[in-house]
Amino acid sequence: MSVGSSNLSAFFVSNNGKIITSNTIQPSQAMNNSDIYAVISRISSNIAAMKMKADNPYVQNVINKPSTIINSFSFWQKVITQMLLTGNSYVLIQRDEHLNPVGLVHIPANEVTINILSKQAGDPVDDAIYTITLDAENGKQYQLPSADILHFRCLVTGSDAQTNGFTGISPLVSLAQEVTVQDTSRKLAIAALSHAISPSFVLKIPTVQVSEQTKEKFRSNFEKMTSGSNAGRAIVLDSSMDVEPLQINPDVDKLLSNTEFTQNQIAKAFNIPSEYLNGQGNQQSSITEMASLYVNALSLYINPILSELRLKFGCEITTDFSSIADVDHQQLISNVVSLSTSKSPVLSPEVAMAVLKNVDALGLNDIDQSLFKVPAPPKNNKGDDNDE
């Protein structure tokens with residue numbers, strides 16, 4: 001079975017073979033939508049900034065330095081962004097003569113085709129063969145086993161008989177209609193604003209019919225009274241003329257607020273709190289709750305990545321979620337202080353200092369080590385009643 005990765009991108013949404021909307025989301029165009037850009041950039045940046053730890057030094061080295069051309073953060077951000085946009089992201093594993101990983105190469109999704117081999121169908125092995133067609137090398141093809149490809153899948157449904165769960169789908173698949181509504185609403189709002197703002201005044205003349213020359217004369221005289229050195233001065237009119245300012249249609253404001261619905265739908269599709277897009281939730285408790293919900297939502301994208309890395313590298317790989325929820329270490333500092341200064345302290349001052357120093361909180365790594373010594377409590381030299 002041959003599976004084309006580019007055909008599984010969020011190009012269309014269909015129902016029983018019938019296309020629901022003609023205004024479909026292309027991954028290259030999705031980033032032009034500010035709400036989708038905000039969600040994808042936030043998710044990819046937060047995951048790319050997380051520190052992954054592997055118990056294999058070769059694997060740890062390629063995770064920290066996957067490429068000699070692009071930095072580690074940008075490399076993983078690019079990989080995760082492609083996974084979110086197309087549902088699949090492919091990374092070629094470069095190995096040395098001892099089969100140890102030495103580097104990673106990101107492969108565009110439209111250059112990958114997956115061939116599923118099965119012994120039951122007469123193939124020599126049970127495996128997925130990845131055929132990479134490089135457009136930069138005049139269509140040169142490479143065929144690689146699954147052991148040499150990191151295939152990150154956003155969501156695997158297994159409901160499609162063609163893919164049979166070997167590829168993932170993007171959250172954009174569920175947003176075709178919502179984004180169409182948002183784009184149409186924005187175009188209508190812009191058109192309404194452009195027609196409502198200009199002109200800004202109406203001059204009424206009681207004469208039944210006025211020539212074009214007379215209209216132009218009235219218009220020029222009124223503009224002279226309200227512009228240049230006369231700007232801000234009182235307007236003096238005789239009883240034969242009336243000035244009426246034009247008001248912007250209040251329905252235009254409703255058009256501009258229609259985007260809130262699509263913002264909530266986009267946030268829901270990517271499983272993050274909608275407050276991250278519409279800016280609501282200013283209470284401290286709400287901020288803490290949103291951060292917790294957001295970190296939990298990121299696990300939906302992090303766990304498939306960790307699972308694929310463990311499978312292909314054959315070692316344990318973990319990551320620390322606290323770097324997302326507690327960027328400035330304020331929560332950690334509060335917890336350490338609470339655990340070390342309570343009536344029944346759980347942490348000693350030395351351990352508390354070591355915990356904070358381990359994450360370089362408060363700049364402790366830049367402080368002289370001798371200052372970390374906690375002074376011993378003073379001795380009680382006062383004798384008791386039995387002392388002479």
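What you see is a predicted model; the values in this text were computed from it and never measured. Position 1 is the first residue of the sequence, and the numbers go up from there.
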(message) By the salt bridge (charged side-chain N to carboxylate O under 4.0 Å, His left out) test, which pairs, at least two apart or in different chains, include something from residues 299-319?
(response) R153-E308, E308-K312, R310-E316
(message) Quick one, D127 with S146, criterion side chain to side chain donor-acceptor pair (under 3.5 Å). Give me CA distance, side-chain angles, the key distance, then yes/no.
(response) CA-CA 7 Å; D127 198 5; S146 60; 2.6 Å; yes
Check whether any side-chain heavy atom of [X] lies under 4.5 Å from a side-chain heavy atom of [Y], and answer yes or no.
X: I80; Y: I40; result: no
X: Q82; Y: F152; result: no
X: L104; Y: F75; result: yes
X: F270; Y: D35; result: no
X: L144; Y: I129; result: no

(message) Using the salt bridge (charged side-chain N to carboxylate O under 4.0 Å, His left out) criterion, which residues pair with D126? Sequence neighbours excluded.
(response) none
Exercise: do [X] and [Y] side chains pair donor with acceptor under 3.5 Å:
X: N296; Y: S299; result: no
X: N64; Y: Q60; result: yes
X: Y58; Y: D96; result: no
X: T133; Y: Q141; result: yes

(request) Please check if atom CZ in F73 has more than 12 non-hydrogen atoms from other residues, nucleotides or ligands closer than 6.0 Å. (result) yes
